[in-house]
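Below is one structure, written out as structure tokens; comments come after it.
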Protein chains: 4
Amino acid sequence: MAKGVNKVFLLGNVGKDPEIRSTTGGMTVASFSLATADRQKDAQGNWADKTEWHNIVCFQRTAEVVRDYVKKGSQILVEGKIQTRSWDDKTSGEKKYKTEILVNELTLLGGKPAGEGASSGGYSKSNTASYDQRAPSSQPDYADVGITDDDIPF
Amino acid sequence: MAKGVNKVFLLGNVGKDPEIRSTTGGMTVASFSLATADRQKDAQGNWADKTEWHNIVCFQRTAEVVRDYVKKGSQILVEGKIQTRSWDDKTSGEKKYKTEILVNELTLLGGKPAGEGASSGGYSKSNTASYDQRAPSSQPDYADVGITDDDIPF
Amino acid sequence: MAKGVNKVFLLGNVGKDPEIRSTTGGMTVASFSLATADRQKDAQGNWADKTEWHNIVCFQRTAEVVRDYVKKGSQILVEGKIQTRSWDDKTSGEKKYKTEILVNELTLLGGKPAGEGASSGGYSKSNTASYDQRAPSSQPDYADVGITDDDIPF
Amino acid sequence: MAKGVNKVFLLGNVGKDPEIRSTTGGMTVASFSLATADRQKDAQGNWADKTEWHNIVCFQRTAEVVRDYVKKGSQILVEGKIQTRSWDDKTSGEKKYKTEILVNELTLLGGKPAGEGASSGGYSKSNTASYDQRAPSSQPDYADVGITDDDIPF
DNA sequence: TTTT
DNA sequence: TTTT
């Protein structure tokens, strides 16, 4: 029986080809950024599109679906939960936070059809660099902290 | 017609008495942290409670409900959307991010009954300090950036 | 402040061209059936697709979007609430129930591209007949009961 | 990977003590009605509470939680999906429909505290009668149609 | 920092 | 049929 609720629905477009990794336990992990567009009024009272970017993380079978079918531009719907990780930045000595959406369920929609785009396998090494722009070197990722399959929270 | 979806449901308990502010446009803004409990397996395979903390922001009428009825310990359900603000930290020169839940709808549940607790108005000055622990001095808050009522996206 | 929650998310395909009507108050109402596909295990333990049909009702601007853009086959996402209407069937004398989803927000997805299909305006008279198969003659619809714009619950 | 979405969130109060049954496969099934309150404008433009009733069905562990903790008056939050069953009424010869919410997750909230009320075990035989008022004799229930554990869709 |  |  649930004690609380932490549920998120996002529908949007994938910003770059997903990054695929494996945990030390051999589990597949996929991460990518997702843009959700929101029509809202600006300061002048005009309707304008505003884009919100989300850090998405998928595990196991869902990560494999992402690896095989999700690319830059894909339109998807995800259901998941919010999780904020924190760590001490070794350079600045400051506490840092990164909020991510851990996905329970993923639905592929239309958007840019799969099969086109730069990378053949839905995954390209070059993603790593741009992903790191947002997640600087001192940030521990799942591999760094030695995540195993037992650590996955669902 | 919506172009995307960015929807969050959180049910949990409020960590401290909410902080209440006003924008330059005179709109009430309430912010507080909300703990959602999640039962999940730990590394040993045992079920353990894990708490996730969320930064909640309410505007206008909802902020007034918060001011009048929500206190440390209150059990509430919120529906809202995820927004990540970023700014350049003046001290370290680094880019920082803070993810918040902007509330559309709030439902008061049971939990610790309202009317008890330290603060009389559901709001105590002392919240400010601890809130600032997580949101260091160089972070712009809504007042700093001169938000007016026109900026509110719903 | 909300006292309860009654919220539905459906993603699926429209079964027929929507039926468009007007209330006595001149408000546009659109109704159609929406199929949501669910992969589930059958009695033999095999995964099989099961389709669930939902009665969708849209009002005002959303109904106009439906009239202009939604057709048989369209893939859409709706957010709304559940409502069950009841009436006494004049023929059988029995109490009847019809559960509908009243839409708050509608998002057009890819699916079968708009612009094809039999009807030009996203609405064809012939829908009425098949719609009526599920909603027999003795059922009051919104026009029959003299709904005006004031009756719309949001 | 999901092909569609059919998701419901309801927060409200239980109308009667739940009815508890077992399938031929020995699985526990709990059903009850849930009232969700909605503040909406009436024809005169005044805000009025409107109650919507939902037919809730829980299986397995969730049904056991319901049996042990949920009573008339309990405030709960459920997440589930919509399902409409249909059958031919043997008396009138008409097609009938009943829409139900199949629960995936249930959260007990405050409301009227458990442990009080008429029934000792959170379950009273007398529920059956009133449930049958809404679900006349000719309606197949889960036991009638010989549901086994394999039939449960999640 | 909450809650059971 | 619930609840505030």
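Residue numbers start from 1 in every chain, and the chains themselves are labelled A, B, ... in the order their sequence lines are given, proteins ahead of strands.
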Check ion pair A/Lys81-B/Glu52 (N to O, under 4.0 angstrom):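 Here A/Lys81 does not pair with B/Glu52 in a salt bridge, since their nearest N and O are not under 4.0 Å apart.
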Just compare [options] and give me whichever is closest to any side-chain atom of [X].
X	options	answer
D/Trp53	F/dT2, E/dT2, E/dT4	F/dT2
D/Asn13	E/dT2, F/dT3, F/dT1	F/dT3
B/Ala35	E/dT4, E/dT2, F/dT2	E/dT2
D/Asp49	F/dT4, F/dT1, E/dT2	F/dT4

Atom [atom1] of [X] and atom [atom2] of [N]: how far apart are they, to the nearest Å?
X	N	atom1	atom2	answer
B/Lys71	E/dT3	NZ	P	14 Å
D/Leu109	E/dT4	CG	C1'	13 Å
B/Ile76	E/dT2	CD1	C1'	11 Å
B/Leu11	E/dT3	CG	P	14 Å
B/His54	E/dT1	NE2	P	17 Å
D/Ile56	F/dT3	CD1	C1'	15 Å
B/Leu34	E/dT3	CG	C1'	11 Å
D/Leu10	F/dT1	CG	P	21 Å

Side-chain-base donor-acceptor pair under 3.5 Å for D/Lys72 and F/dT2: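 Side chain to base: no pair present.
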Side chain to side chain donor-acceptor pair (under 3.5 Å) involving C/Ser92 - partner list, sequence neighbours excluded: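 C/Ser92 satisfies side chain to side chain donor-acceptor pair (under 3.5 Å) with C/Asp89, D/Glu94 only.
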Donor-acceptor side-chain pairing of C/Gln83 and C/Lys98 below 3.5 angstrom: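 Side-chain D/A pair, C/Gln83 to C/Lys98: absent.
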side-chain contact (heavy atoms from CB on, under 4.5 Å) against D/Thr62, all qualifying residues, sequence neighbours excluded: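 By the side-chain contact (heavy atoms from CB on, under 4.5 Å) rule, D/Thr62 matches D/Cys58, D/Val103, D/Leu106.
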Sugar-phosphate only, base, or nothing, as touched by D/Thr51 at under 4.0 Å among non-hydrogen atoms: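 Base contact.
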Centroid-centroid distance, A/Tyr97 to B/Tyr97, less than 6.0 Å: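 No - the distance between ring centres of A/Tyr97 and B/Tyr97 does not fall below the 6.0 Å cut-off.
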